[in-house]
Amino acid sequence: MPELPEVEVVRRGLERWVCGRTVAAVDVLHPRAIRRHLAGPGDFAAQLVGRRLGTARRRGKYLWLPLETEGPTGPDRAILAHLGMSGQLLVQPHEAPDEKHLRIRIRFADDAGTELRFVDQRTFGGLSLHDTVPGDPEGLPDVIAHIARDPLDPAFDEAAFHAALRRRRTTIKRALLDQSLISGVGNIYADEALWRSRLHYDRSTATLTRPRSTELLTHIREVMNEALAVGGTSFDSLYVNVNGESGYFDRSLDAYGREDEPCRRCGTAMRRRPWMNRSSYFCPRCQRPPRPHAAS
DNA sequence: GCTTTCACCTGTGTGC
DNA sequence: TGCACACAGGTGAAAG
């Protein structure tokens with residue numbers, strides 16, 4: 001499942017293989033893959049043909065490719081991409097057979113012999129075209145202006161994050177998954193960072209002291225950087241980078257998916273609890289529940 | 001205004 | 001063998 005490290009790996013691949021190339025043709029093979037582009041597949045293709053792609057950018061789990069312009073005001077449009085749960089952006093040779101779940105194909109006006117493919121089994125992801133926030137040097141698409149900066153962004157505001165946590169009347173894992181508070185954290189890295197911080201997922205955000213939230217942020221960054229270093233996390237080949245290679249971080253997970261296995265700190269059997277239509281993995285000894293009856 | 005719930009999707013695995 | 005069902009989970013609209 002692509003979270004921030006996986007998306008960053010894809011961004012780097014796009015930067016290397018796609019940036020600076022000019023779009024020659026676009027095939028939309030499944031309309032759901034561009035459902036956020038309200039004007040439809042024909043408009044999506046027509047607006048892209050002839051445009052040169054700028055440097056790939058990322059905020060949290062969103063990626064975008066600015067469409068270069070000659071004006072001094074920066075890019076005014078950008079292709080926005082979200083991989084959802086199973087999306088892949090692959091750079092493939094023209095002659096490579098179509099993937100079973102190929103949704104969008106973008107061909108380029110050059111002789112490099114490769115094309116960009118958006119492949120997505122569960123169709124939660126997609127591409128779309130948007131105006132950018134006026135004056136934004138990175139060409140941030142307007143529809144994701146509400147997404148918070150991610151913890152690997154040098155401009156991430158730790159003091160504001162802590163203040164927001166204290167203001168909220170919610171629990172810590174919900175807050176970590178709220179992309180308007182902090183972006184890029186999904187179910188896997190939330191469980192990993194909470195385990196490292198010895199925090200229970202149901203702990204109230206209002207009870208977190210500044211040192212505790214600082215420590216949590218440190219662990220979020222650690223686990224993301226470690227995943228980045230090995231190319232992201234992959235469980236079932238649904239996630240691969242732009243060259244089709246899987247990440248290896250799943251071998252290093254301490255919490256996620258380790259139900260009944262011994263905690264790597266204290267040896268207690270790890271537990272899984274249904275949580276918001278998904279699962280939370282935690283150590284019942286290291287990560288004490290906030291209320292005696294809240295977990296067993 | 002803030003917080004919580006649910007629909008959207010498809011492939012895989014399990015139990016009967 | 002075939003069927004029903006649970007599960008994976010990010011996002012945003014709708015409900016509370």
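Lettering follows sequence order; numbering is per chain, from 1. Treat the numbers as computed from the prediction; the structure is a model and nothing was measured.
If you check every strand for non-hydrogen atoms under 4.0 Å, A:His30 touches nothing. Residue A:Arg35 is out of contact with every strand shown, counting any heavy-atom pair closer than 4.0 Å.
Nearest nucleotide to the side chain of A:Ser279, out of C:dA8, B:dG11, C:dG10: C:dA8. Among the nucleotides C:dG12, C:dC7, C:dG10, the one closest to the side chain of A:Leu177 is C:dG10. Distance from the side chain of A:Met85 is smallest for C:dA8 among the nucleotides B:dG11, C:dA8, C:dG12. For A:His82, the side-chain atoms get nearest to C:dT11 when compared with the rest of C:dT11, C:dA8, B:dC9. Across C:dG10, B:dC6, B:dT4, the shortest atom-to-atom separation from the side chain of A:Asn187 is found for C:dG10. Side-chain proximity of A:Arg174 to the nucleotides B:dT4, C:dT11, C:dC7 is greatest for B:dT4.
Between the CE atom of A:Met276 and the P atom of C:dG12 there is a distance of 14 Å, rounded to whole Å. In this structure, the CD1 atom of A:Ile182 is 14 Å from the P atom of C:dG10, given to the nearest Å. In this structure, the CG atom of A:Asp202 is 15 Å from the P atom of B:dT3, given to the nearest Å. When rounded to the nearest whole Å, the span between CD of A:Gln88 and P of B:dG11 equals 14 Å. Between A:Arg32 atom CZ and C:dT11 atom C1' there is a gap of 11 Å when expressed in whole angstrom units. Rounded to whole Å, atom P of C:dG10 lies 14 Å from atom CG of A:Asp120. Rounded to whole Å, the distance from CG on A:Asp178 to C1' on C:dG10 is 12 Å. A:Arg122 has its CZ atom 11 Å from the P atom of C:dG10, to the nearest Å.
Rounding to the nearest 0.5 Å gives a distance of 10.0 Å between CG of A:Leu165 and CZ of A:Arg210. How far CG of A:Leu152 is from CZ of A:Arg58: 6.0 Å, rounded to the nearest 0.5 Å.
Side-chain atoms of A:Arg258 come within 3.5 Å of backbone N or O of A:Asp254 as a donor-acceptor pair.
Between A:Arg169 and A:Asn277, the residue anchored nearer the 5' end of DNA chain B, judged by the nucleotide with its closest heavy atom, is A:Arg169.
Axis angle across the helix from B:dC2-C:dG16 to B:dC16-C:dG2, with five pairs used at each end and values rounded to 10°: 50°.
Residue A:Val18 is grouped with residue A:Val26 when hydrophobic side chains (ILVMFWY) are merged at heavy-atom distances under 4.5 angstrom, including chains of intermediate members.
Between A:His101 and B:dG11 there is a side-chain polar atom (N or O) within less than 4.0 angstrom of OP1 or OP2. Between C:dG12 and A:Tyr62, a contact under 4.0 Å exists linking OP1 or OP2 to a side-chain N or O. Look at A:Thr170 and you'll find a side-chain N or O under 4.0 angstrom from OP1 or OP2 of B:dT4. For C:dT11, the OP1/OP2 oxygens have a side-chain nitrogen or oxygen of A:Gln179 closer than 4.0 Å. Under 4.0 angstrom from either OP1 or OP2 of B:dC2 there lies no side-chain N or O belonging to A:Arg167.
Each of A:His200, A:Arg273, A:Lys173 was checked for a side-chain hydrogen bond (donor to acceptor under 3.5 Å, both in side chains) with A:Ser280, and the lone residue meeting it is A:Lys173. The only option from A:Leu67, A:Leu38, A:Ile34, A:Asp43 that meets the side chain to side chain contact (heavy atoms under 4.5 Å, CB included) definition with A:Leu129 turns out to be A:Leu67.
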Working for salt bridge (Lys or Arg N to Asp or Glu O under 4.0 Å), residues A:Glu99 and A:Arg117
CA-CA 9 Å; A:Glu99 291 75 9; A:Arg117 298 180 182 180; 3.0 Å; yes
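By the 6.0 Å and 45° rule, A:Arg265 stacks over the aromatic ring of A:Trp195.
No hydrogens or angles were tested; on distance alone, a donor-acceptor pair under 3.5 Å links the side chain of A:Arg278 to the base of C:dG10.
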